[in-house]
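Accompanying notes for the structure given below.
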There are 2 protein chains.
Amino acid sequence: MKRNQEETNATIRKLLEIARLHFTERGYADTALEDIVQEAQLTRGALYHHFRSKKGLFQAVLESVQQEVAEKVETQAAKSEDVWEQLALGCRAFVGAALEAQNKRILLLDGPAVLGWEEWRRMDEQHSMRLLREQLQGMQQQGQLKPVSIEALTHFLSGALNESALWIAQMADASQALEETAQMISLLLEGFRKPE
Amino acid sequence: MKRNQEETNATIRKLLEIARLHFTERGYADTALEDIVQEAQLTRGALYHHFRSKKGLFQAVLESVQQEVAEKVETQAAKSEDVWEQLALGCRAFVGAALEAQNKRILLLDGPAVLGWEEWRRMDEQHSMRLLREQLQGMQQQGQLKPVSIEALTHFLSGALNESALWIAQMADASQALEETAQMISLLLEGFRKPE
DNA sequence: CATTTTACATACATACTGTATGTATGTAAA
DNA sequence: TTTACATACATACAGTATGTATGTAAAATG
């Protein structure tokens with residue numbers, strides 16, 4: 001029973017949406033494809049028609065989550081003209097976005113484990129990490145950053161932000177933890193600021 | 001056929017040893033318990049007698065890996081008297097240990113995903129992270145560190161080191177990447193050093 | 001209008017975890 | 001020395017999950 005283009009897209013979107021909920025709430029390993037398709041009033045045949053495998057489905061979900069987060073980071077960072085403030089705003093936005101809607105599980109825990117670090121990193125590269133690297137590169141070109149390996153610093157900061165997000169997420173007073181982290185990041189960045 | 005204490009311990013050690021190899025090489029999800037026990041010339045009954053579940057086995061393996069790494073970090077850090085140098089040495093030792101023997105997969109990828117972040121963090125707490133926190137606390141008490149949340153800084157640094165280790169691990173020239181990171185960490189720590 | 005393609009459903013093969021049960025052996029107390 | 005029980009496994013099986021092969025109805029295509 002062939003559907004038209006719009007119906008097909010709706011099917012895919014529905015599967016992605018429901019899958020995202022299951023992955024966030026139960027995690028990748030404890031999510032059964034059967035449950036997803038039942039909720040979507042479909043069968044596993046439909047799912048396997050649109051996605052190569054369980055991993056393929058997860059990867060598609062991860063991609064959309066990453067896109068969402070990256071957009072928020074970019075929007076927030078753009079609110080300032082000062083490169084240092086942009087960086088701080090971006091970091092803060094990233095941590096905030098990773099927290100909300102419990103994106104952290106897909107983004108930071110199952111992501112690397114399910115797809116493998118290389119694949120996960122490749123995807124992250126095209127979203128949040130790209131923004132971070134470009135920002136740092138720009139700052140160094142403008143002579144505002146001490147001479148340090150941009151690659152090393154990008155990974156270092158990225159990892160720090162990821163773990164910070166996970167830490168903040170489970171703190172009773174998350175907003176205070178976020179404040180402490182933001183303040184600390186400002187202090188840290190001072191170490192890299194090139195004196196005029 | 002009851003064995004004596006020593007034989008029993010040997011069985012457990014053998015299972016742990018083989019399991020560790022499988023987890024490092026194939027990852028948690030792609031490791032079949034059946035393969036492990038066959039290699040140990042046992043059956044799954046034996047494994048389930050000594051370990052509660054697949055997760056239980058993994059947790060036991062993770063614990064031993066963490067212990068190994070923590071010992072190396074402690075040994076290295078103790079080689080200096082200066083607290084700042086201790087910190088730098090410790091960071092470097094951690095990254096090095098996470099790399100070698102491909103510990104990274106158990107330690108940093110499957111660890112958090114399989115056991116959940118809270119449980120993983122609780123375990124890490126008692127090993128590498130404890131060292132890091134104590135070091136930072138000591139430094140702050142000695143007035144060598146700017147007034148910043150130790151908790152926030154500990155998590156931030158820990159995450160940064162973890163991601164750096166994963167990054168370095170897959171670089172063609174790992175030793176150079178390690179150098180760049182070490183150099184960057186020194187620079188970064190400057191930002192936190194309290195002026196005399 | 002005939003044919004092909006698409007979007008699914010259905011049925012089944014395969015694989016793996018976990019559990020229930022059986023059994024031989026060691027140990028401690030009666 | 002017998003008895004009672006715990007321990008260390010083996011064996012068999014149940015349950016559940018992914019993935020694959022095949023069937024089918026309807027839209028698209030020529």
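Order of the sequence lines fixes the chain letters, A, B, ..., with proteins taken first and strands second; residue numbering starts at 1 for each chain. A quick note: this is a predicted structure, and the numbers were derived from the prediction, not measured.
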Between Glu119(B) and Gln59(B), is the side-chain hydrogen bond (donor to acceptor under 3.5 Å, both in side chains) condition met? List the steps.
CA-CA 10 Å; Glu119(B) 178 64 15; Gln59(B) 187 166 350; 3.0 Å; yes
Given the rule in the side-chain contact (heavy atoms from CB on, under 4.5 Å) test, do Trp84(A) and Gln144(A) qualify, once you have shown the distances and angles that lead to the verdict?
CA-CA 9 Å; Trp84(A) 288 94; Gln144(A) 302 221 36; 3.0 Å; yes
Do Ser175(A) and Asp173(A) pass the side-chain hydrogen bond (donor to acceptor under 3.5 Å, both in side chains) test, and can you show the C-alpha distance, the side-chain angles, and the key distance before you say yes or no?
CA-CA 6 Å; Ser175(A) 66; Asp173(A) 193 346; 3.1 Å; yes
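The nearest whole Å value for the distance from the NZ atom in Lys54(B) to the C1' atom in dT16(D) is 14 Å. Arg44(B) has its CZ atom 14 Å from the P atom of dA14(D), to the nearest Å. As a whole-Å value, the separation of His49(B) NE2 from dT23(C) C1' is 14 Å. A straight line from OH of Tyr48(B) to C1' of dG18(C) spans 5 Å, rounded to a whole angstrom. Regarding Glu34(B), its CD atom lies at a distance of 11 Å from the P atom of dT11(D), rounded to whole Å. Across the protein-nucleic acid pair, Ile12(A) atom CD1 and dT6(C) atom P stand 13 Å apart, rounded to whole Å. Taking atom NZ of residue Lys55(B) and atom P of nucleotide dG18(C), one finds them 9 Å apart after rounding to whole Å. What separates CD of Gln38(B) from P of dC16(C) is a distance of 11 Å, to the nearest Å.
Residue Gln183(A) places its CD atom among 12 or fewer non-hydrogen atoms of other residues, nucleotides or ligands, all under 6.0 Å distant. Lys146(B) NZ: more than 12 foreign heavy atoms inside a 6.0 Å radius.
Proximity of residues 15-33 of chain B to DNA chain C (heavy atom under 4.0 angstrom from any strand atom) is restricted to Thr31(B), Ala32(B), Leu33(B).
With hydrogens and angles left out, the side-chain atoms of Ser128(B) and Asp124(B) include a donor and acceptor closer than 3.5 Å.
Comment: Arg20(A) does not engage Glu25(A) in a salt bridge, judged by the lack of any side-chain N to carboxylate O separation of less than 4.0 angstrom.
Exactly one residue among Tyr28(A), Phe51(A), Trp120(A) makes a ring-ring contact (aromatic ring centres under 6.0 Å, His included) with Phe58(A). That residue is Tyr28(A). A side chain to side chain contact (heavy atoms under 4.5 Å, CB included) with Trp117(B) is found for exactly one of Arg105(A), Lys104(A), Glu163(A), namely Glu163(A).
Residue-to-nucleotide proximity on DNA chain D shows that, of Gln41(B) and Asp35(A), the 5′-proximal contact is made by Gln41(B).
Look at His50(B) and you'll find a side-chain N or O under 4.0 angstrom from OP1 or OP2 of dC9(D). Side-chain nitrogen and oxygen atoms of Ser53(B) include none within less than 4.0 Å of the OP1 or OP2 phosphate oxygen of dT17(C).
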Would you write out the dot-bracket form of DNA chain C, 5' to 3', with Watson-Crick and G-U pairs under 3.5 Å, [ ] for crossing pairs, | for pairs to other strands and . for unpaired bases?
||||||||||||||||||||||||||||||
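The residue Thr43(B) sits close to a base: some heavy atom pair falls under 4.0 Å.
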